[in-house]
Amino acid sequence: MYDKLKKYIFKFDPENMHLAVEKMLMLAQITPMVLESIAKRFCITDERLKQNILGLDFYNPVGLGAGFDKNATMTKGLSSFGFGYIELGTITPKPQDGNPKPRIFRFSNEKSIQNAMGFNNDGAKKVAQRVARIYPFIIPLGINIGKNKITEQEKAIFDYKKLIGSFKELGDYFAINLSSPNTPNLRDLQNEEFVRELFTQLKKQTNKPIFLKISPDMEIDYMLKVCECAIKNGADGIIATNTTTNYTLLKDAKDFGGISGEALKNRSREVFTILSEHFFNKTILISIGGISDGNEAYERIKLGASLVQIYTGMIFEGPSICKNINEVILERLEEDGFKHISEALGKGLH
Ligand SMILES: Cc1cc2nc3c(=O)[nH]c(=O)nc-3n(C[C@H](O)[C@H](O)[C@H](O)COP(=O)(O)O)c2cc1C
């Protein structure tokens with residue numbers, strides 16, 4: 001059904017389509033019966049998928065990655081499609097428009113996206129007001145935060161501190177975004193000195209879990225040092241990865257923005273594997289990047305991902321993606337003789 005619909009949907013500009021989906025979900029949200037019927041069709045409840053991680057209850061391991069619901073306008077609607085958790089944002093202290101349009105490009109044959117959004121969002125105050133209306137929520141909510149484009153590098157830490165302050169009572173975990181390629185020089189903040197200072201300060205502000213979301217483009221030894229430093233200074237986990245700026249991965253790629261989806265899959269898995277070889281059992285690891293089916297999700301779990309996230313997969317596979325992924329995870333657990341997802345965790349590591 002979605003395959004047929006896709007032919008029509010994909011004729012439209014990706015950002016306009018995203019806005020149309022947002023409008024539809026906002027409409028659906030004011031009609032609980034509609035959400036209930038969607039949830040009946042798409043949500044899977046199974047004891048084998050439930051996990052308590054860092055004190056949070058996840059009824060399944062498949063989350064929605066940051067960037068889809070930047071402004072917390074469609075959170076209720078999205079939850080009815082079966083996500084185990086949703087990461088909102090990236091939210092910046094002040095509202096900002098992001099980069100000039102067009103800034104999302106679809107590569108249908110490659111099941112990939114290239115985006116240069118640049119943290120377009122309504123700003124902390126407005127988004128916090130929206131989250132306050134729904135929080136505590138039926139599933140865990142992550143708050144993904146980033147600096148404003150106009151904030152000087154030397155003052156970046158104050159943006160993150162302000163954001164933690166704004167969302168202190170809202171959301172269940174924080175994700176620190178230093179890895180978007182679309183805010184000039186943001187990725188330069190992925191260095192030990194900044195990360196040490198950042199986590200030391202943020203951990204004094206909140207007891208909620210704080211994750212670091214990393215780029216797939218760092219040199220491996222450097223990436224391990226940055227992650228080690230984050231963990232030593234209080235990070236509760238790592239989310240790997242954001243989009244890539246390796247434009248050779250996609251024929252006809254633009255020379256700006258970040259690539260996600262199928263073209264990112266191998267690099268993202270590779271980075272995750274190395275990360276897990278070093279930090280599995282020492283911290284919580286969340287895998288994202290090119291996951292669009294249950295086999296890939298299960299593989300990441302076996303590589304040590306307590307949770308996975310999807311974004312681009314949803315564009316190409318449609319609204320049943322969570323259900324499909326969770327069904328395959330259950331099948332694979334059974335094949336491997338595991339009674340619970342926790343038994344599969346890290347079993348694929350050498
Ligand atoms: C259009 C678009 C916007 C995104 N915006 C954000 C964002 O605001 N913050 C963030 O941390 N990641 C953002 N991402 C990155 C995704 O969360 C994810 O890390 C990346 O796309 C890789 O996963 P995927 O292959 O499943 O899409 C965005 C991705 C896309 C495609």
Side-chain angles (χ1 to χ4, degrees), residues 63-70 85-92 98-99 103-105 112-121 142-147 149 156 159-160 163 173-191 194-195 198 210-220 222-224 226-227 230 235 237-247 249-250 253-254 256-276 279 284-292 296 300 305 307-315:
L64 178 63
F68 197 96
D69 192 10
K70 286 177 186 280
Y85 64 110
I86 292 176
E87 195 168 301
L88 304 171
T90 296
I91 304 153
T92 55
N99 293 322
R103 51 194 182 178
I104 313 184
F105 308 90
S112 300
I113 296 269
Q114 191 165 0
N115 95 84
M117 301 301 282
F119 293 169
N120 54 310
N121 78 108
I143 307 290
N144 181 307
I145 56 178
K147 77 179 257 305
K149 183 179 177 182
D159 272 14
Y160 290 94
L163 287 155
Y173 71 85
F174 290 101
I176 307 294
N177 188 351
L178 304 179
S179 49
S180 166
N182 301 317
T183 295
N185 308 322
L186 182 77
R187 287 179 161 197
D188 295 346
L189 297 175
Q190 295 181 126
N191 69 72
F194 182 77
V195 164
L198 182 70
I210 312 182
F211 288 83
L212 177 66
K213 182 166 178 180
I214 62 161
S215 132
D217 300 327
M218 282 183 278
E219 196 263 314
I220 291 296
Y222 185 86
M223 182 259 304
L224 290 172
V226 171
C227 291
I238 307 289
I239 303 173
T241 67
N242 212 315
T243 55
T244 179
T245 54
N246 179 354
Y247 304 130
L249 290 175
L250 205 51
K254 313 273 169 204
F256 58 92
I259 293 169
S260 58
E262 197 66 30
L264 169 66
K265 181 161 86 178
N266 286 344
R267 175 63 182 170
S268 195
R269 193 198 308 109
E270 178 189 31
V271 167
F272 185 81
T273 307
I274 296 168
L275 198 67
S276 194
F279 301 116
I284 299 295
L285 300 170
I286 299 180
S287 190
I288 174 168
I291 300 173
S292 63
E296 186 64 27
R300 306 278 177 114
L307 299 165
V308 296
Q309 297 183 340
I310 54 171
Y311 186 143
T312 304
M314 195 165 62
I315 315 285

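If you read the sequence from its start, that first residue is 1, and numbering goes on from there. Both backbone and side-chain heavy atoms feed into the values below; hydrogens, waters and symmetry mates do not.
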Please tell me if the side chains of Glu87 and Ile239 come closer than 4.5 Å, counting only heavy atoms from C-beta onward. yes
Do Asn99 side-chain atoms and Ala116 backbone N/O form a donor-acceptor pair below 3.5 Å? yes
Is there a side-chain contact between Arg269 and Glu296 (heavy atoms, below 4.5 Å)? yes
Go through Arg267 and Asp217 one step at a time and tell me if the salt bridge (Lys or Arg N to Asp or Glu O under 4.0 Å) criterion holds. CA-CA 9 Å; Arg267 175 63 182 170; Asp217 300 327; 5.2 Å; no
May I ask you to check whether Phe211 and Phe174 place their ring centres under 6.0 Å from each other? no
From CG (Asp159) to CG (Leu198), nearest 0.5 Å: 11.0 Å
Is Asn182 reaching over with its side chain to a backbone N or O of Asn115, donor-acceptor style, under 3.5 angstrom? yes
For Gly146 and Leu163 the tightest heavy-atom approach is O-CD1, 3.2 Å
Thr243 versus Ser260, side-chain donor and acceptor atoms under 3.5 Å: no
Treating Thr241 as the side-chain partner and Ser215 as the backbone partner, does any N or O pair qualify as donor plus acceptor under 3.5 Å? no
Contact summary for Gly257 and Thr245, nearest pair of heavy atoms: O-CG2, 3.7 Å
Heavy-atom check, side chain of Leu186 versus side chain of Lys147, under 4.5 Å: yes
Going through the distances and angles, do Tyr173 and Asn144 end up as a side-chain contact (heavy atoms from CB on, under 4.5 Å)? CA-CA 8 Å; Tyr173 71 85; Asn144 181 307; over 6 Å; no
Please tell me if the side chains of Val271 and Ile214 come closer than 4.5 Å, counting only heavy atoms from C-beta onward. yes
Heavy-atom pair of closest approach, residues Pro216 and Leu264: CG-CD1, 4.0 Å
Is a side-chain N or O of Ser179 found less than 3.5 angstrom from the main chain of Lys213, in a donor-acceptor match? yes
Shortest non-hydrogen contact from Glu262 toward Ser292: OE1-OG, 4.2 Å
Asn246 and Ile259: CA distance, side-chain angles, deciding distance, side-chain contact (heavy atoms from CB on, under 4.5 Å) verdict: CA-CA 8 Å; Asn246 179 354; Ile259 293 169; over 6 Å; no
Evaluate the side-chain proximity of Gln309 to Leu64: yes if any heavy-atom separation is below 4.5 Å, no if none is. no
Is any side-chain heavy atom of Leu285 closer than 4.5 Å to one of Phe272? yes
Within 45° of the six-membered ring axis of Phe119 and under 6.0 Å from that ring's centre, is NZ or CZ of Lys70 located there? no
Could you tell me the separation between the CD1 atom of Ile104 and the CD1 atom of Ile315, rounded to the nearest 0.5 Å? 7.5 Å
Nearest 0.5 angstrom please: Ile274 CD1 to Ile220 CD1, how far? 4.0 Å
Using 0.5 Å steps for rounding, measure from the OG1 atom of Thr183 to the CE atom of Met117. 11.5 Å
Ile145 versus Tyr160, closest heavy-atom pair with distance: O-CE2, 3.4 Å
So, Tyr311 side chain and Ile288 main chain: donor-acceptor pair closer than 3.5 Å or not? no
Arg300 side chain reached by Ser268 side chain, heavy atoms, under 4.5 Å: yes
Out of curiosity, Leu250 CG to Ser112 OG, how far, rounded to the nearest 0.5 Å? 5.0 Å
Write down the atom of Phe194, the atom of Leu189, and the distance for their closest heavy-atom approach. CD2-O, 3.4 Å
Would you call Tyr247 and Gln114 a side-chain contact if the rule is heavy atoms closer than 4.5 Å? yes
Okay, side chain of Asn191, backbone of Asp188: is any donor-acceptor separation there less than 3.5 Å? yes
Backbone N/O of Gly89 and side chain of Asn121: donor-acceptor pair under 3.5 Å: no
Please test Val195 against Leu178 for side-chain contact (heavy atoms from CB on, under 4.5 Å), starting from the C-alpha separation and ending with a verdict. CA-CA 9 Å; Val195 164; Leu178 304 179; 4.0 Å; yes
